[in-house]
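Notes follow once the structure below has been shown.
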Amino acid sequence: MNIFVCIKQVPDTETKIRIKGDKSGIETNDVKWIVSPYDEFAIEEALRAKAFLKTGTVTVVTVGPDRAVEALRTGLAMGADTAVHVRWETSCNVSIAKAVAEVVKKENGSVIFSGKQAIDDDQGVVFAYTAELLNWPSTSTVSKVEFGTDGKSVTVEKEVDGSARHKIAMNTPCVIAMTKGINAPRYASLPGIMAAKKKTVKVYSPSDLGLSDSPLLKDFDYELPPERKAGIKLSGEIPAQVAELVKRLREEAKVI
Amino acid sequence: MKVFVVAEHKDGKLKRVSAEVVAEFGRQGQEVTALVLGSGDLNAITGDLAKAGASKIIVLEHADLKDYSTEGYANAAHAYLSSQGAEVIASGGQGKDFMPRLAAKFGVGVANDCTSFGLASGKLTVRRPVFAGKCSKSVEFLKSPAMFTLRPNVVSSEGKTAAGTVERVAATPGAIRTKVAEVIASAAKKVELTEADIIISGGRSLKSADNFKILHECAAVVGAAVGASRAAVDAGYAPHAMQVGQTGKTVSPKLYIACGISGAIQHLAGMRTSKVIVAINKDAEAPIFQKADYGIVGDLFEVVPLLTAELKKLKG
Ligand SMILES: Cc1cc2nc3c(=O)[nH]c(=O)nc-3n(C[C@H](O)[C@H](O)[C@H](O)COP(=O)(O)OP(=O)(O)OC[C@H]3O[C@@H](n4cnc5c(N)ncnc54)[C@H](O)[C@@H]3O)c2cc1C
């Protein structure tokens, strides 16, 4: 079982977003980069699946610029066996999906794990698009993964509408995208970080994969939302404040 | 333009977001054909689509479409739409799940979770949040059909009733390789966070899962959903499905009441587009007050029960 984990390097959640002068994107010069948190769940789940199946490999794969290799190093330090870096600075998620599909074909992947979405673009497109390109079944917002002992079948729990879960059975090969709550990702240990330095990162260029960038979407006009202004703090005795709040919500804001 | 909206439904009812998409196209003077995938009695759904403004409704019927599945929806929608000359294909919240696969079949891109869209001179442009709403951008489609999903709750679902002529077509959902083996329903029937008009959220300060009941009691009075900060979720006071924020749900209700939530940047990212924000916090310096329209500096264990009582009076 060769488990491929798609990971994306994204700005830290603490990042204060600044927009480029021409509104074509965000300033990235002093951004701190992290592995997208949902992808960390996917890495952890892959390591657990490998331990359960007692066989196979875990490969972390990313499509991104040079700096994205740091995300792969994090994955390797957590315990992934190998890494693949498609060095490609593309903003098109369809190009990314195509690259992942080609890598997984070339490297004989048997299952793909990923986060349910990356926390920068919030789209949740890449894993599903990849699944369709490979003609594999896919399930997202997964909060539990259980492989059959032979690794041929897998049962997952999918969150539906937040209030219900579906237990879904699939056969491998397939694509599984994780949500929060599935596990608590391990931290990279010092020996893990040392070992990661010796592990190989295979590099592909888009042309190695027979791909070229032909964006299907055009992004423009990035904008910060209007700053919310602080409103009013009510005053007086608490019961009177509560009564005034309800009155204002009804008469002034008209929301109840 | 030839616009198709893939409707979403559950338990025989149209999801409001589908009516929102259809009605918004109508407001922009655009005719819409709605697709309903399913089997059995779908009349309540087609009726509501006509009310929202769908001029034509195609029911794609197949026993395998009785329950939603990613592949079933993508396959059946593609089989039908590929010969229809669709220029725009839109859907609502659940679309985020099947639209990428449908887009791959068409070989086009897809923009998920948009907060507005507009048609001008035969071109569709959408606007959507990035970084959980810390900023937003416009997206144009360079290859037809243009495909996007609309976030629930961002436009009105009130449309101008249209003919809604129903045509039934036998669907071809193909092989659905994911089998639902069991449905694990949660005990309480809860209002879905992303669709709620009012949300009452609690933070670490609730101190236990049990204490969340004071929020549930208040929520019940006004039909609100209950949310939580990550600190509350990580402490085990609330399930992660209730988490609001950059690594939880992004919500935009009419009213968001934050109880004992400090207002960290990751939490704000998930709720800053709420129309009105109320903060209840005992620390007058808590950052949440910088974003709140109304604030009460006080102990939530005192304020929330009073609020519940006050709302009860109102609802009489
Ligand atoms: C990668 C990453 C992702 C994250 N994603 C999210 C996310 O999606 N959502 C999210 O919410 N957070 C997220 N966080 C966490 C975030 O940074 C904060 O830690 C979290 O939001 C704090 O939750 P809180 O406000 O409940 O707790 P605290 O920050 O501890 O605040 C508690 C507040 O309650 C007040 N209080 C205490 N007792 C009372 C009382 N009796 N009555 C009234 N007020 C009281 C205090 O004054 C304080 O303001 C993320 C962090 C990271 C690093």
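Reminder, nothing fancy here: chain letters follow the sequence lines and each chain counts from 1.
Side chain to side chain, A:Thr13 and B:Gln246 fail the donor-acceptor criterion of an N or O pair below 3.5 Å.
Using a 4.5 Å cut-off between heavy atoms, A:Arg248 contacts chain B through both its backbone and its side chain. Contacts of A:Glu157 with chain B are made by side-chain atoms alone, with heavy-atom separations under 4.5 Å and no backbone atom involved. Contact of A:Lys229 with chain B is made through the backbone alone, with heavy-atom distances under 4.5 Å. For A:Leu234, the parts sitting under 4.5 Å from any heavy atom of chain B are the backbone and the side chain alike. Looking at A:Ile17, only its side chain comes within 4.5 Å of chain B, counting heavy atoms on both sides. When heavy atoms are compared at a cutoff of 4.5 Å, A:Val255 approaches chain B by way of both its backbone and its side chain. Contact annotation for A:Lys158: only side-chain heavy atoms (C-beta onward) come within less than 4.5 Å of a heavy atom of chain B.
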Inset, instruction - Could you go through the salt bridge (Lys or Arg N to Asp or Glu O under 4.0 Å) check for A:Asp121 and B:Arg128 one step at a time? - result: CA-CA 10 Å; A:Asp121 219 25; B:Arg128 69 172 184 79; 3.0 Å; yes
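In terms of modelled atom types and a separation under 3.5 Å, the side chain of A:Lys233 and the main chain of B:Ala284 share a donor-acceptor contact.
For residues 122-131 of chain A, the interface with chain B (any heavy-atom pair closer than 4.5 Å) comprises A:Asp122, A:Gln123, A:Gly124, A:Val125, A:Ala128, A:Tyr129, A:Ala131, sorted by residue number. Near-neighbour residues of residues 20-37 of chain A relative to chain B, defined by a heavy atom under 4.5 Å from a heavy atom of that chain, comprise A:Ile26, A:Pro37.
Using a 4.0 Å cut-off between charged side-chain N and carboxylate O, A:Arg165 and B:Glu182 make no salt bridge.
Of the listed residues (B:Lys275, B:Lys254, B:Lys143, B:Arg272), the greatest number of heavy-atom pairs within a distance under 4.5 Å of chain A belongs to B:Arg272.
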